[in-house]
Every structure is written in C-alpha cells, then in structure tokens.
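Working notes, structure below.
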Amino acid sequence: AGWIQLFAENAQEAYDFTLCAYRIAEAEAVRLPIMVYMDCFQTTHTKMNVTLEMDDAVQQFVGEPIILKALLDTENPVSYGTFDRPDFYMEHRRGQLEGMKKAEKQAITVFGEFAKTFGRGTKSLLDEYQTEDAEMVFVVLASTAGTIRRTVDVLRKKGIKAGMVRLKIFRPFPKESLKKALSHFKKILVLDRMSPNGSSFGALGNEVLSSLHGIEKAPVVKNVIYGLGSRESSFHDFTALMERFDDLPDEPEWLNLRG
C-alpha cells in the first residue's frame, strides 16, 4: 500500500516510534505515509509504565511541519485524491518506491538521533538478543519479543544455544541488515501473526526467505503461524517448537490450533 510500517514491542516503543515517525515520513527524500503498529490487546489493553517527554523537548525533536505543496495555497493550487491517470500511474508508483528505499536510511538516522536525545533505543532497525553464540534463532515482530526473550533464557538453561532477532521496521523491509544478521545461524524459526492465505509462508517468513536467497549454506527456515485473534501463546509453546525444530513441516506450523 506504500506505507512505511514501524512495529513497536510495547507501549513505550509505540510512543517513541510515534515521535520518530514524523521525521521519517516528512523527510523531503521520503514523503510517504507512515504507521506505527502495536499489538491489539497485548499492548493496547494492558498496563505498562511509559516515560513521557516534556512538550518542549518533543517539539524540538519533531520540528515544525514540512509542507511542500499546501492544499489551500490559492497562489499555487493543487489537487489531492486517490485517482491517478494511466499515462502517469507507473511513474508515480516508481517514485513511491524510491521514497520507500530512502526511508530505511532515514529511519536509521532518526532512531539514532532519538537515542542520543532521549537516552532510549538504538539506531539499528533490528533488536538482537543472545545472538552472539546462537545456533538457532527466532525472528519476530512486536510484543511477542518479550515472550521470546524468556523462551531463549529457558532454552539456554537446557543447553540449547538460542537467540532472537526482532524487526523494528517491516516496510521498507531491512533486507541487507537482516541478511547480515541471520546468515551465520543454522536454524531460523520465523513467527508470523497472520494467515498465509495461499502463500507458502506468512508475510514475515516470505521476506526472511527472500533475504537469505543466494547465500551458500543458507540456514534452514521454518515458519509458525500463531496468535490469530489473540489466541494465547506462552513461552512453553515456543520452547517446545524450537526443541522439535527438525520435526516441523516445510509448510507453516499452526500453533495451538483446535480440532
């Protein structure tokens, strides 16, 4: 749909990403709509402590609105709408793609400046946990990361060298960063909270496979569909999945499916 997509792990990150979103989307080289995603119920309907910054500090970081073509500028009238004529539609879509490509670099810059200003987060588009010596890792989005950290700790107590890689951004997809982060692992378990709907893997699973394409001795990738409609999934479930990784089917495994 052409939207930049940031995936927050918790309420604090949803707040932080919202401040960053203005500067990512409004950059002159980008100029695309942006959404900050957080899990329904797990994040929206639970209590968490959130640090709010002072208005002046927020305004200074976010800056003033950048308006290139004002809708109500009578001296330079323009029209906005969803319709595009066939003779320029492809060119406009290509322009959106170029903006999306530049959004990745802009996000790294803004995340870095946010961390320097407010002392939270890092400039990286990935969040890694216990990956230094890991042989097998989970790849996740959003609030599931908290459960997976505990899962990793449990697996390591059992002698299994597990780790986690969480993506902070899904569009544009950080292909090269993820390729570099994942290429040296032996086994990768991708967790998708969405239905494949006819695709071989879920959306995140397909993107991970694409990122690893062409790597010599690429890791084995398995995909799990979980948590649809807020179906409960615990660290016990994810621990068991990783322990039987080799027995998982080539098609997505549906976790806690009834019937």
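- With hydrogens and angles ignored, the 3.5 Å screen pairs a side-chain donor or acceptor of S183 with a backbone N or O of K179.
- No donor-acceptor pair closer than 3.5 Å links the side chain of D192 to the backbone N or O of M194.
- In this structure, E243 CD and F238 CZ are separated by 14.0 Å, a value rounded to the nearest 0.5 Å.
- Salt bridge absent: K175 and E104 never bring a charged side-chain N and a carboxylate O closer than 4.0 Å.
- By the 4.0 Å N-to-carboxylate-O rule, D246 lies close enough to K187 to be salt-bridged with it.
- Residues V152 and F138 have side chains in contact (heavy-atom distance under 4.5 Å, counting atoms from C-beta outward).
- Under the 4.5 Å side-chain contact rule for hydrophobic residues, V36 and L32 share a cluster.
- Looking at heavy atoms from C-beta onward, S143 lies in side-chain contact with R193 at the 4.5 angstrom threshold.
- More than 12 heavy atoms of other shown residues, nucleotides or ligands fall within 6.0 angstrom of atom CD in E91.
- Side chains of V154 and F235 form a contact here, defined as non-hydrogen atoms less than 4.5 Å apart.
- Under 4.0 Å is where a charged nitrogen must lie from a carboxylate oxygen, and between K123 and E113 no such pair does.
- Expressed to the nearest 0.5 Å, how far CG of L71 lies from OG of S79 amounts to 8.0 Å.
- A salt bridge between R94 and E98 is present, with a side-chain N of the basic residue lying under 4.0 Å from a carboxylate O of the acidic one.
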>> Working note: F245 + K222, criterion side-chain contact (heavy atoms from CB on, under 4.5 Å); need CA distance, chi angles, decisive distance, verdict.
In response: CA-CA 8 Å; F245 181 94; K222 298 292 181 74; 3.4 Å; yes
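- The two residues V208 and L178 have their closest heavy-atom pair at CG2-CD2, 3.9 Å.
- Annotation: the span from M38 atom CE to L6 atom CG amounts to 12.5 Å, rounded to 0.5 Å.
- A 6.0 Å sphere centred on CE of M90 holds no more than 12 heavy atoms belonging to other residues, nucleotides or ligands.
- Among the candidates I160, V220, I188, the single residue satisfying the side-chain contact (heavy atoms from CB on, under 4.5 Å) test with M136 is I160.
- Taking the centre and axis of the six-membered ring of F17, the NZ or CZ atom of K168 falls outside the cone set by 45° and 6.0 Å.
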> Going through the checks in order, is the side-chain contact (heavy atoms from CB on, under 4.5 Å) test met by E207 and F170?
Replying inline: CA-CA 9 Å; E207 291 288 1; F170 186 69; 4.1 Å; yes
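- Counting heavy-atom neighbours within 6.0 Å of D133 CG, excluding the residue itself, gives a total above 12.
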>> Evaluate V50 against L52 for side-chain contact (heavy atoms from CB on, under 4.5 Å), listing each step before the verdict.
In response: CA-CA 6 Å; V50 175; L52 303 179; 3.8 Å; yes
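- In this structure the side chain of L141 never reaches within 4.5 angstrom of the side chain of T144, judged on heavy atoms.
- Minimum heavy-atom separation, Y129 to D153: OH-OD1, 2.7 Å.
- Between atom NE2 of residue H184 and atom CD1 of residue I215 there is a gap of 11.0 Å, rounded to the nearest 0.5 Å.
- Atom CD of E13 is separated from atom OG1 of T18 by 10.5 Å, given to the nearest 0.5 angstrom.
- One hydrophobic cluster, built from ILVMFWY side chains closer than 4.5 Å, cannot hold both Y226 and V190; they sit in different ones.
- Y37 and L204 fall within a single hydrophobic cluster, where Ile, Leu, Val, Met, Phe, Trp and Tyr side chains are chained together by heavy-atom contacts under 4.5 Å.
- The backbone N or O of Q130 lies less than 3.5 Å from a partner atom in the side chain of R156, making a donor-acceptor pair.
- The side-chain contact (heavy atoms from CB on, under 4.5 Å) test with V139 singles out one residue from L191, L182, V221, and that residue is L182.
- No side-chain donor-acceptor contact under 3.5 Å links K69 to the backbone of V78.
- In this structure, the side chain of R231 engages the main chain of N256 through a donor-acceptor pair within 3.5 Å.
- Under the 4.5 Å side-chain heavy-atom criterion for ILVMFWY residues, a single connected hydrophobic cluster contains both V110 and I34.
- Of all the heavy atoms in P252 and S200, the pair that sits closest is CD-O, 3.1 Å.
- Formation of a donor-acceptor pair under 3.5 Å by the Q12 side chain with backbone atoms of T51 is found in this model.
- The pair R244-E253 meets the salt-bridge criterion, with a side-chain N (NZ, NE, NH1 or NH2) lying under 4.0 Å from an Asp/Glu carboxylate O.
- Of all heavy-atom pairs spanning I169 and P172, the tightest one is CD1-CD, 3.6 Å.
- How far NZ of K101 is from CD of Q96: 13.5 Å, rounded to the nearest 0.5 Å.
- For F118 and F61, the distance between ring centers is under 6.0 angstrom.
- By the rule that hydrophobic residues join a cluster once side-chain heavy atoms approach within less than 4.5 Å of another member, M242 and L248 end up as members of one cluster.
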> Would Y15 and N10 count as a side chain to side chain donor-acceptor pair (under 3.5 Å) if you check the C-alpha gap in whole Å, the side-chain angles of each, and the deciding distance to 0.1 Å?
Replying inline: CA-CA 9 Å; Y15 170 79; N10 49 44; over 6 Å; no
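- Between the side chain of D73 and the main chain of A70, no donor-acceptor pair closer than 3.5 Å is present.
- Taking 4.5 Å as the limit, every side-chain heavy atom of L167 sits out of range of all side-chain heavy atoms of Q5.
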> Is there a side-chain contact (heavy atoms from CB on, under 4.5 Å) between T122 and F111 once you walk through the steps?
Replying inline: CA-CA 6 Å; T122 67; F111 284 166; over 6 Å; no
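- Environment of CZ in R120: crowded, with over 12 heavy atoms of neighbouring residues, nucleotides or ligands closer than 6.0 Å.
- Between the side chain of N223 and the backbone N or O of F201, no donor-acceptor pair lies under 3.5 Å.
- The heavy-atom pair separating R31 from I67 by the smallest distance is NH2-CA, 4.5 Å.
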>> Would K161 and E132 count as a salt bridge (Lys or Arg N to Asp or Glu O under 4.0 Å) here? Give the steps.
In response: CA-CA 10 Å; K161 294 182 178 180; E132 294 82 1; over 6 Å; no
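- Under 4.0 Å is where a charged nitrogen must lie from a carboxylate oxygen, and between R166 and E9 at least one such pair does.
- Between the side chain of K186 and the backbone N or O of E135, no donor-acceptor pair lies under 3.5 Å.
- Side-chain contact between Q106 and V30 is present, with heavy atoms from C-beta onward closer than 4.5 Å.
- F173 places a side-chain heavy atom less than 4.5 Å from the side chain of S211.
- Considering every non-hydrogen atom in both R23 and V62, the closest pair reads CG-O, 3.6 Å.
- Under 3.5 Å, the side chains of Y89 and D87 contain no donor-acceptor pair of N or O atoms.
- Annotation: side chain of S199 is in contact with side chain of N206 (closest heavy-atom distance under 4.5 Å).
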